[in-house]
Amino acid sequence: MRTHLPSRKVIAVLTAALLATGMAACGNSDTGDNGGKGDDGKITLGFSQVGAESAWRTANTTSVKESATAAGIELKFDDAQQKQENQIKAIRNFIQQKVDVIAFSPVVESGWDTVLKEAKDAKIPVILTDRAVDSADKSLYKTFLGSDFVKEGRSAGEWLVEQKKAATGPVNIVELQGTTGSAPANDRKKGFAEAIAANPNLKIIASQSGDFTRAGGKQVMEQFLKANPKIDVLFAHNDDMGLGALEAITAAGKVPGKDITIITVDAVKDGMQALADGKFNFIAECSPLLGPQLMDLVKKVHNGEEVPARIETQETTFTQEQAKEALPNRKY
């Protein structure tokens with residue numbers, strides 16, 4: 001014959017068990033008092049990526065995904081395919097899903113205030129990665145993690161000024177810009193122009209967007225070569241466009257790195273190999289490995305901690321000899 005505990009004892013036992021469980025969960029939580037949105041207590045991060053337009057972007061995506069897994073953060077990932085409307089839609093989806101934190105690399109700088117205000121009203125903190133926005137209201141996002149694109153452009157220009165300091169006549173430069181309206185395109189152009197102003201012989205004779213793609217770089221460089229019989233220097237806003245331009249330069253019967261000095265930004269493996277081989281002449285680094293820093297920031301803003309308004313990644317520059325030394329240990 002079964003015996004039954006009196007109902008009051010059952011209630012008391014269950015209450016004690018629930019209290020113990022709750023206390024244990026609080027003691028082990030690293031997500032703050034409110035915990036994560038998921039049943040497993042994980043922080044949920046909604047991340048909208050620009051796209052997969054270059055080797056740099058692919059390495060950046062890999063870094064974000066691997067770092068989220070390592071940090072125990074649940075990642076909801078979206079590829080915007082280089083379209084702002086896709087990114088805005090993704091951010092709204094993240095808001096509807098009630099993620100804990102939103103991070104994204106903006107396709108362009110302008111046009112974000114409305115959707116960022118929606119995230120703020122939903123009390124979901126936003127982190128900008130790699131690219132900034134031009135919103136006047138800085139309270140719409142918690143922090144920006146990324147490179148100093150103006151500095152990258154300036155480094156490229158300063159190297160060129162030093163290399164061409166003995167020039168007595170015009171040095172004709174063509175420029176392959178990144179995606180029109182994007183922060184890296186705007187800022188690298190600005191930094192480069194500021195630096196080369198130190199030498200009036202250095203002239204940009206043509207400047208056009210190659211959209212950060214290898215195919216775009218090849219196509220625009222072909223146009224540059226047809227329209228301008230004398231090109232001395234190419235400044236490409238990323239390695240991929242520079243690599244595409246190599247094909248056009250070679251097809252035109254010119255020797256890249258000798259007939260035309262080539263300067264790029266990024267320092268991905270293919271670009272570094274071209275530099276080591278003497279086809280490129282100089283690269284200003286822009287590291288895509290932002291994942292670990294991003295996950296650290298996600299945890300901090302979720303916990304309500306104060307973070308700097310801007311966090312800069314550590315980067316350098318490479319000559320041909322430096323590229324040869326760095327290549328064997330290059331991670332991207």
Side-chain angles (χ1 to χ4, degrees), residues 50-58 82 107-109 130-131 147 149-161 163-164 171-196 202-252 254-268 270-275 279-286 288 317-318:
V50 172
E53 75 282 1
S54 63
W56 190 99
R57 190 63 56 188
T58 301
Q82 289 192 284
V107 175
V108 294
E109 286 190 288
D130 172 42
R131 299 180 178 186
S147 304
F149 300 131
V150 175
K151 182 179 177 182
E152 291 166 358
R154 191 180 296 121
S155 295
E158 287 171 349
W159 179 85
L160 183 61
V161 168
Q163 294 300 304
K164 300 296 182 180
V171 176
N172 292 338
I173 305 165
V174 294
E175 181 180 31
L176 281 168
Q177 297 181 45
T179 303
T180 303
S182 69
N186 293 343
D187 291 352
R188 286 170 187 162
K189 181 176 180 63
K190 177 184 177 184
F192 185 76
E194 287 174 354
I196 66 170
L202 303 180
K203 303 282 188 183
I204 297 176
I205 60 171
S207 184
Q208 188 174 325
S209 173
D211 216 22
F212 282 129
T213 67
R214 200 169 295 200
K218 181 182 179 182
Q219 182 181 6
V220 176
M221 192 66 201
E222 287 171 346
Q223 296 169 11
F224 285 163
L225 288 162
K226 287 176 184 176
N228 305 282
K230 182 179 181 292
I231 296 174
D232 301 302
V233 179
L234 164 65
F235 172 46
H237 286 193
N238 78 339
D239 290 341
D240 277 73
M241 290 190 296
L243 291 164
L246 285 182
E247 298 178 41
I249 291 167
T250 303
K254 295 180 182 294
V255 181
K258 292 183 180 178
D259 294 334
I260 298 177
T261 298
I262 299 176
I263 306 166
T264 68
V265 181
D266 273 356
V268 297
D270 286 353
M272 292 284 278
Q273 189 62 60
L275 182 58
K279 296 176 181 178
F280 284 0
N281 302 84
F282 185 79
I283 298 178
E285 185 182 36
C286 181
T317 59
F318 293 96

**Q** What residues form a ring pair (Phe, Tyr, Trp, His ring centres under 6.0 Å) with Phe318, not counting sequence neighbours?
**A** none
**Q** Tell me the ring-ring contact (aromatic ring centres under 6.0 Å, His included) pairs involving residues 226-251, sequence neighbours left out?
**A** Phe192-Phe235, Phe235-His237
**Q** If you define the side chain from C-beta out and look only at heavy atoms, does anything of Thr264 sit under 4.5 Å from Ile283?
**A** yes
**Q** Dump the intermediate steps for side-chain contact (heavy atoms from CB on, under 4.5 Å) on Leu225 and Ile260, then the final yes or no.
**A** CA-CA 11 Å; Leu225 288 162; Ile260 298 177; 4.1 Å; yes
**Q** Quick test of your reading: applying salt bridge (Lys or Arg N to Asp or Glu O under 4.0 Å), list the pairs with at least one residue in residues 219-231, sequence neighbours left out, ordered by first then second residue.
**A** Lys230-Asp232
**Q** Within this structure, what is the CD-NZ distance for the pair Glu158 and Lys151, rounded to the nearest 0.5 Å?
**A** 10.0 Å
**Q** With rounding to the nearest 0.5 angstrom, report the CG to CH2 distance, Asp130 to Trp56.
**A** 3.5 Å
**Q** Determine whether Gln208 and Leu176 make a side-chain contact, defined as any pair of heavy atoms from C-beta on separated by less than 4.5 Å.
**A** no
**Q** Can you name the nearest heavy-atom pair linking Thr317 to Ser155, along with the distance?
**A** CG2-CB, 4.0 Å
**Q** For the atom pair OG (Ser182) and CZ (Arg188), what is the distance rounded to the nearest 0.5 Å?
**A** 8.0 Å
**Q** Could you give me the CA-CA distance, side-chain angles and deciding distance for Ile249 and Ile262, then say whether side-chain contact (heavy atoms from CB on, under 4.5 Å) is met?
**A** CA-CA 11 Å; Ile249 291 167; Ile262 299 176; 3.8 Å; yes
**Q** OG1 of Thr250 to NZ of Lys218: how many Å apart, nearest 0.5 Å?
**A** 10.0 Å
**Q** Would you name the heavy atoms of Phe149 and Cys286 that are closest together and state the gap between them?
**A** CE2-SG, 4.1 Å
**Q** Should Ile231 and Met221 be marked as a side-chain contact (heavy atoms from CB on, under 4.5 Å) after you check the CA-CA gap, both sets of side-chain angles, and the distance that decides it?
**A** CA-CA 11 Å; Ile231 296 174; Met221 192 66 201; 4.2 Å; yes
**Q** Apply the side-chain contact (heavy atoms from CB on, under 4.5 Å) test between Ser54 and each candidate in Asp239, Asp240, Asp211, Thr213; give the one that qualifies.
**A** Asp240
**Q** Starting at CG of Asn186, measure out to CD of Gln177 and round the result to the nearest 0.5 Å.
**A** 8.0 Å
**Q** Please evaluate residues Val174 and Ile205 with respect to the criterion side-chain contact (heavy atoms from CB on, under 4.5 Å), reporting the C-alpha separation (whole Å), side-chain torsions for both, the decisive distance (0.1 Å), and the verdict.
**A** CA-CA 6 Å; Val174 294; Ile205 60 171; 4.0 Å; yes
**Q** Please tell me if the side chains of Phe282 and Leu160 come closer than 4.5 Å, counting only heavy atoms from C-beta onward.
**A** no
**Q** Heavy-atom count check: over 12 atoms from other residues, nucleotides or ligands less than 6.0 Å from Glu109 CD?
**A** yes
**Q** Could you give the distance from NZ (Lys164) to OG1 (Thr261), rounded to the nearest 0.5 Å?
**A** 4.0 Å
